[in-house]
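Okay, structure first, notes after.
A, B, ... follow the sequence lines: proteins, then strands. Residue 1 opens every chain.
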There are 2 protein chains.
Amino acid sequence: MQSDDGDEDTGHDEPAPKGTTLQERVYAELREAIMLGRFRPGEAMTIRGLADSLGTSMMPAREALRRLVAERALDLLPNRRVTVPTMTGEMFEELTEARVALEVLAARRAFPATDPAFADRLEAIDLEQDAAIEARDWALYQERNRAFHFELYERAPGRVLMPMIESLWLQIGPFLYLTRESLGRTYMEDRHKEAVAAIRSRDEDALALAIEQDIRDGMGGLPALIADQNAEGKSVEAVG
Amino acid sequence: MQSDDGDEDTGHDEPAPKGTTLQERVYAELREAIMLGRFRPGEAMTIRGLADSLGTSMMPAREALRRLVAERALDLLPNRRVTVPTMTGEMFEELTEARVALEVLAARRAFPATDPAFADRLEAIDLEQDAAIEARDWALYQERNRAFHFELYERAPGRVLMPMIESLWLQIGPFLYLTRESLGRTYMEDRHKEAVAAIRSRDEDALALAIEQDIRDGMGGLPALIADQNAEGKSVEAVG
DNA sequence: ACCGCATTACTGTGATCACATTGTGAGGCG
DNA sequence: CGCCTCACAATGTGATCACAGTAATGCGGT
């Protein structure tokens with residue numbers, strides 16, 4: 001598990017650290033895992049442990065962790081310990097409001113750059129999302145949902161809004177895995193179709209409304225699940 | 001610890017790294033300098049240079065720089081070079097919209113936690129700001145303006161909105177120094193008084209409107225100044 | 001058997017070194 | 001005289017080591 005022979009990493013399929021730094025690969029991998037809910041909230045992450053599990057030295061793991069802390073994806077306890085944030089109902093509500101404020105703004109800014117062709121592409125993504133629901137493929141469903149939103153927001157140029165929105169999604173990520181069982185009952189795809197229709201009919205306000213309601217619908221059921229998880233997890237991680 | 005004479009840094013007066021890490025001191029110092037506009041946009045910052053100027057090793061400087069990059073306070077060029085961001089009119093407009101969206105939301109969330117006593121404190125800050133204008137003390141003026149806003153926003157609990165707002169202020173910081181000469185013509189203190197009045201009359205919408213207009217007023221004149229600075233700076237930093 | 005304390009293992013922080021890449025300058029060739 | 005090329009300096013990245021604080025553990029005392 002050591003990097004003695006150069007750029008080959010053990011057990012993975014990344015071809016080469018060419019053009020990208022090792023730290024960035026670690027960061028990307030961690031970021032993905034966090035967004036997919038691979039880590040349990042409250043779980044502690046150590047520099048050496050992460051470095052070992054990825055076959056690198058401490059340095060890349062260290063910088064990746066600190067970067068994710070700076071982006072609020074991970075929590076830095078006063079003990080200098082880095083953990084996956086534990087979500088509370090209030091924080092989730094705050095994240096929802098922030099998402100609405102920023103993503104509605106991003107959608108409005110993207111609106112002038114949309115056209116029928118783009119609406120088609122968005123619709124295609126939404127159809128794939130519907131298919132993911134049919135197939136009960138939760139990971140694909142999340143991925144396509146993310147693609148739908150970001151494809152829209154990226155339509156507007158600028159490097160201010162997108163990083164902040166990504167940070168919000170990153171903060172929500174660790175708790176999104178709680179929605180796995182409730183996949184069937186989701187009805188937010190309606191909002192996506194409303195958004196596409198709004199683009200086609202050149203109605204910016206309707207687009208903004210669709211995005212806002214999509215966010216609120218999707219986030220609405222989470223606090224209860226968080227309460228559940230906190231209640232059931234109390235016996236397990238009460239040690240911390 | 002062998003930087004000639006131990007843990008003393010050269011030329012500064014920080015007493016001791018007690019309770020706080022060295023990296024955090026470097027970060028705080030850099031952050032303050034950026035907010036105060038001590039660095040010229042486009043200026044490159046090297047790890048070793050920063051480390052030397054602060055009398056530390058590369059490591060704290062390195063992590064502080066990367067953290068500020070993660071917070072969008074500094075720019076990471078594809079050359080892996082860290083520079084003070086160069087602002088464009090479009091980006092400034094984007095920052096303004098993001099500020100309005102987030103800070104209005106923060107003000108609304110803070111509103112229920114406000115009372116007459118808090119309004120008095122806010123008014124006191126605003127009076128100090130007025131005094132700073134009279135005294136032509138630009139630095140104090142900026143500091144009191146920041147205090148006014150953050151005092152209000154911090155009234156609401158939560159750890160989501162504040163870091164994002166701070167990041168926005170950090171991104172604006174490097175260009176705020178352009179407003180030094182135009183201090184006398186500012187009229188945004190009216191908005192602050194409107195905000196205080198809105199709190200006293202328990203009018204949340206009026207508070208939100210006052211904050212929004214305060215932001216727009218304060219940011220409105222900047223793009224022209226940015227254009228000026230770009231035009232005059234072209235002969236100097238055209239080398240980049 | 002339980003509680004208090006000292007020892008041990010572990011973690012983050014800071015420093016130093018080695019290397020690859022990039023930027024810069026001088027010198028040679030057309 | 002201008003452009004290209006090569007060498008040198010500087011920078012970021014990654015690795016390793018040393019130290020300090022903290023949590024976990026084992027031991028002895030009551």
Task: Atom-to-atom span, CD of Glu63(A) to C1' of dG12(D) - whole angstrom - done: 10 Å
- [ ] Round to a whole Å and report the spacing from CG of Leu50(B) to P of dA10(D).
- [x] 18 Å
Open item on the list: Please check: side-chain N/O of Arg109(A) versus main-chain N/O of Ala156(A), any donor-acceptor pairing under 3.5 Å?
Closed with: no
Task: For atom CE of Met59(B) and atom P of dA15(D), their distance in whole Å - done: 13 Å
- [ ] For the side chain of Pro60(A), starting at C-beta, report the closest nucleotide among dG14(D), dG14(C), dT13(C).
- [x] dG14(D)
Task: Distance, rounded to the nearest Å, where Arg66(B) contributes CZ and dG14(D) contributes C1' - done: 12 Å
- [ ] Can you figure out which of dT13(D), dG14(D), dA15(C) approaches the side chain of Leu22(B) most closely?
- [x] dA15(C)
Open item on the list: I want to verify a distance call: between dT13(C), dT16(C), dT16(D), whose nearest atom is closest to the Arg48(A) side chain?
Closed with: dT13(C)
Task: For atom CG of Leu77(A) and atom P of dT13(C), their distance in whole Å - done: 12 Å
Task: Phosphate-side-chain proximity, Arg81(A) and dC10(C), N/O vs OP1/OP2 below 4.0 Å - done: no
Task: Whether Glu151(A) side chain and Phe148(A) backbone form a donor-acceptor pair below 3.5 Å - done: no
Open item on the list: Tell me the interatomic distance from Asp52(A), atom CG, to dT16(D), atom C1', rounded to whole angstroms.
Closed with: 14 Å
Open item on the list: Applying side chain to side chain donor-acceptor pair (under 3.5 Å), can you list everything that pairs with Arg159(A), at least two apart in sequence or on another chain?
Closed with: Asp75(B)
TODO: Return yes if the base of dG14(D) and the side-chain atoms of Arg62(B) contain a donor-acceptor N/O pair under 3.5 Å, otherwise no.
DONE: yes
Task: Upstream residue (5' side of DNA chain D) when Glu24(A) and Asn79(A) are each assigned their closest nucleotide - done: Glu24(A)
Open item on the list: Under a 4.0 Å threshold between the charged nitrogen and the carboxylate oxygen, would Glu166(B) count as salt-bridged to Arg31(B)?
Closed with: yes
- [ ] Could you work out which one of dT13(D), dA15(C), dA15(D) sits closest to the side chain of Met58(B)?
- [x] dT13(D)
Task: Spacing of Ile47(B) atom CD1 relative to dG14(C) atom P, expressed in whole Å - done: 15 Å
Open item on the list: Using a 4.0 Å heavy-atom cut-off, does Ser57(B) contact any base of the nucleic acid, only the sugar-phosphate backbone, or nothing at all?
Closed with: base
TODO: Mind checking Gln23(B) for me? I need base, sugar-phosphate or nothing, with any heavy atom below 4.0 Å counting as a touch.
DONE: sugar-phosphate
Open item on the list: I'd like to know if Glu63(A) pairs up with Arg62(B) as an ion pair, taking the criterion as any Lys NZ or Arg NE/NH1/NH2 lying under 4.0 Å from an Asp or Glu carboxylate oxygen.
Closed with: yes
- [ ] Rounded off to whole Å, could you give me the CG-to-P distance for the Leu76(A) and dT11(C) pair?
- [x] 16 Å
